[in-house]
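Chain letters run A, B, ... following the sequence lines, proteins first, then strands; residues in each count from 1. This is a predicted model, so every value here is computed, not measured.
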Number of protein chains: 2
Amino acid sequence: MGKKGEDNRQRIIDAADQLFFKRGFNQTSFQDISDATGIPRGNFYYYFKTKEDILDAVLQLRRDMFIDSLKQIEVNTGNPLERLIKLADMLDVNSDDILASGCPIGSLSTELAKGTKDLQEKSQVVFQAIKQWASVQFSAMGVQRSDDAAMDLLAWMQGVTVMACAFKDVAFLQRSLQELKQWLKQKAHSKVVESA
Amino acid sequence: MGKKGEDNRQRIIDAADQLFFKRGFNQTSFQDISDATGIPRGNFYYYFKTKEDILDAVLQLRRDMFIDSLKQIEVNTGNPLERLIKLADMLDVNSDDILASGCPIGSLSTELAKGTKDLQEKSQVVFQAIKQWASVQFSAMGVQRSDDAAMDLLAWMQGVTVMACAFKDVAFLQRSLQELKQWLKQKAHSKVVESA
DNA sequence: GTCTATAGCCGGATAGAC
DNA sequence: GTCTATCCGGCTATAGAC
């Protein structure tokens, strides 16, 4: 806590997080992060051994941020259906960024999938956390095969994001979000029918 | 046709096409393409002024290849529902590549979205060709708002691809493909009900 | 802990011989 | 048309002064 460097370290991670999203991991240079923070390039190696170490820190940050957001949703919302709807609504809340740069997690995962096996595995961590949370909510809703449902939800959100970003089509994003919410509500209702 | 260089030019484009898919556009160097073809780096500039010109040629190749494939489907299949199912089945036919590197069009679009505005617009062209073809098929099926249906289909395929690639999950890919086909069949049937 | 200077490499692009 | 040699710049990473 008292360490001076912890502040600089966090500023590097925060800037890298933004730049990895806007430009991609490979296309973000130490110079870019230096320009954004005012911290000299050479100084980075005091906090991180390699660029990949910065990536690790960014992935951990994103995972922690998501887990925080999801816990907030759990605190504020008792109904699992409404919780999942709030997750989906992130597409609307962040629509400007999504149209411009896609999904921070999905686009990074897509980029890292083309790298070394080491890199490929790292990108799963954030998705895993969200998937697990969504699965728990589906399960609480009484949905069978909640893991499958969680994957379907994530796939839906990713697909909408890829196409909306490719065509810069906010109307498609909004329409798909409505249909996604309908699908979630049907999931919640159909479990009643099936369990009857 | 008699030009000697046309052969080399095509070999460069074909190698770039593969490499852009496996490693990404930015992460593919002239050296990589040279290694794959045996053609010296410096020679590339006889056929292309810049790396972006190679990208243009690759995008045109992919568009042409898709248009060819879709025309083949039209020739071999009279029923628009079965045509769309054959389009979806590309997820199965190319499942190994998809698990390893994602969708050639989607992943490139995601990468280029983080580049200059010039690059962003180019990636739309291939998607546009497939979307238009799918829209025609939905329309022939009697589906209302066929453009929306085409976007939904592409988004579904992209979402499945992103998640299947991220988790290297072939079972999810297969399951989602079955559900996608069911959705297509429901679309085909529901239009009868609505028009009755 | 902070910063400058620079090594060492590799990228896209060019010039010009053959 | 084909190929070699090379320029110039940017990259990650390192060394070492302060």
Side-chain angles (χ1 to χ4, degrees), chain A residues 1-59 108 111-112 114-120 122, chain B residues 1-59 108 111-112 114-120 122:
Chain A
M1 323 180 178
K3 288 183 184 177
K4 285 188 197 171
E6 286 309 300
D7 192 47
N8 276 347
R9 185 187 150 89
Q10 195 56 47
R11 284 173 57 221
I12 292 170
I13 297 171
D14 289 341
D17 176 44
Q18 302 238 96
L19 286 164
F20 290 176
F21 178 40
K22 298 290 180 195
R23 307 187 190 178
F25 170 68
N26 288 305
Q27 292 303 108
T28 297
S29 70
F30 282 49
Q31 184 61 54
D32 293 331
I33 305 175
S34 174
D35 291 345
T37 57
I39 300 168
R41 282 184 306 287
N43 204 343
F44 293 0
Y45 291 90
Y46 175 74
Y47 304 102
F48 306 97
K49 274 204 262 292
T50 65
K51 192 185 178 186
E52 204 171 316
D53 284 353
I54 299 183
L55 175 64
D56 289 339
V58 167
L59 285 171
L108 185 57
E111 180 179 2
L112 298 183
K114 297 182 191 298
T116 65
K117 184 163 275 183
D118 186 44
L119 254 54
Q120 291 172 30
K122 286 177 182 172
Chain B
M1 324 183 172
K3 287 184 184 176
K4 285 188 196 171
E6 286 309 301
D7 192 48
N8 274 347
R9 185 188 150 89
Q10 195 57 46
R11 285 172 55 220
I12 292 170
I13 296 171
D14 290 341
D17 177 45
Q18 301 237 98
L19 287 163
F20 290 177
F21 179 40
K22 298 290 179 193
R23 308 187 191 180
F25 171 68
N26 289 306
Q27 291 303 108
T28 297
S29 69
F30 282 49
Q31 185 63 50
D32 293 330
I33 304 175
S34 173
D35 292 344
T37 57
I39 299 168
R41 286 181 304 287
N43 203 344
F44 293 0
Y45 292 90
Y46 176 73
Y47 305 102
F48 306 96
K49 275 204 262 292
T50 67
K51 192 186 181 187
E52 204 172 315
D53 283 354
I54 299 183
L55 175 64
D56 289 340
V58 167
L59 286 171
L108 185 57
E111 180 179 3
L112 298 183
K114 297 181 191 298
T116 64
K117 184 164 276 184
D118 186 44
L119 255 54
Q120 292 173 30
K122 286 177 182 172

Relative to the ring of A/F25, is the ring of A/F20 parallel (under 30°), tilted (30 to 60°) or perpendicular (over 60°)?
->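 Aromatic pair A/F20/A/F25 classed perpendicular.
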Just the rounded figure in Å: distance from [atom2] of [N] to [atom1] of [X].
| X | N | atom1 | atom2 | value |
| --- | --- | --- | --- | --- |
| A/L55 | D/dA13 | CG | C1' | 17 Å |
| A/D7 | C/dG1 | CG | C1' | 13 Å |
| A/E52 | D/dA13 | CD | C1' | 14 Å |
| B/R11 | D/dG1 | CZ | P | 15 Å |
| A/F44 | D/dA15 | CZ | P | 19 Å |
| B/F48 | C/dT14 | CZ | P | 15 Å |
| B/I54 | C/dG11 | CD1 | P | 14 Å |

Just compare D/dT12, C/dA13, C/dT2 and give me whichever is closest to any side-chain atom of B/T50.
->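 The answer is C/dA13.
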Measure from the side chain of A/P40, starting at C-beta and using heavy atoms only, and say which of C/dT2, D/dT12, C/dC3 lies closest.
->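 Within the option list, the nearest is C/dC3.
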How many angstroms lie between CD1 in A/I33 and CD1 in A/I54, if you round to the nearest 0.5 Å?
->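 Reported to 0.5 Å precision, the distance equals 4.5 Å.
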Distance, nearest 0.5 Å, that separates CZ of B/F48 from CD1 of B/I12 =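 Going from the CZ atom of B/F48 to the CD1 atom of B/I12 covers 5.5 Å.
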With a 4.0 Å cutoff (strictly under), does any side-chain N or O of [X] reach OP1 or OP2 of [N]?
| X | N | result |
| --- | --- | --- |
| B/N8 | D/dT2 | yes |
| B/Y45 | C/dA13 | yes |
| A/Y46 | C/dG1 | yes |
| A/Y47 | C/dG1 | no |

B/Q18 atom CD, neighbour heavy-atom count above 12 within 6.0 Å |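 Atom CD in B/Q18 is not crowded, with 12 or fewer foreign heavy atoms closer than 6.0 Å.
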Is it true that the side chains of B/Q31 and B/D35 contain a donor and an acceptor less than 3.5 Å apart?
->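 Per modelled atom types, B/Q31 and B/D35 side chains form a pair under 3.5 Å.
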For B/G38 and for B/R41, find the nucleotide of DNA chain D with the closest heavy atom, then tell me which residue's nucleotide is more 5'.
->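 Closer to the 5' end of DNA chain D: B/G38.
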In chain order, what residues pass the salt bridge (charged side-chain N to carboxylate O under 4.0 Å, His left out) check against B/D53, with sequence neighbours excluded?
->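 Not a single residue meets the salt bridge (charged side-chain N to carboxylate O under 4.0 Å, His left out) criterion with B/D53.
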List in chain and number order the residues that pass salt bridge (charged side-chain N to carboxylate O under 4.0 Å, His left out) with B/K49, two or more places apart in sequence or in another chain; answer none if no residue qualifies.
->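 With sequence neighbours excluded, B/K49 shows a salt bridge (charged side-chain N to carboxylate O under 4.0 Å, His left out) to no residue whatsoever.
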Identify the pairs formed between an N or O of the protein and an N or O of nucleotides 9-11 of chain D at a distance under 3.5 Å, and give each distance.
unit_1: D/dC11; atom_1: OP1; unit_2: A/S29; atom_2: OG; d: 3.2

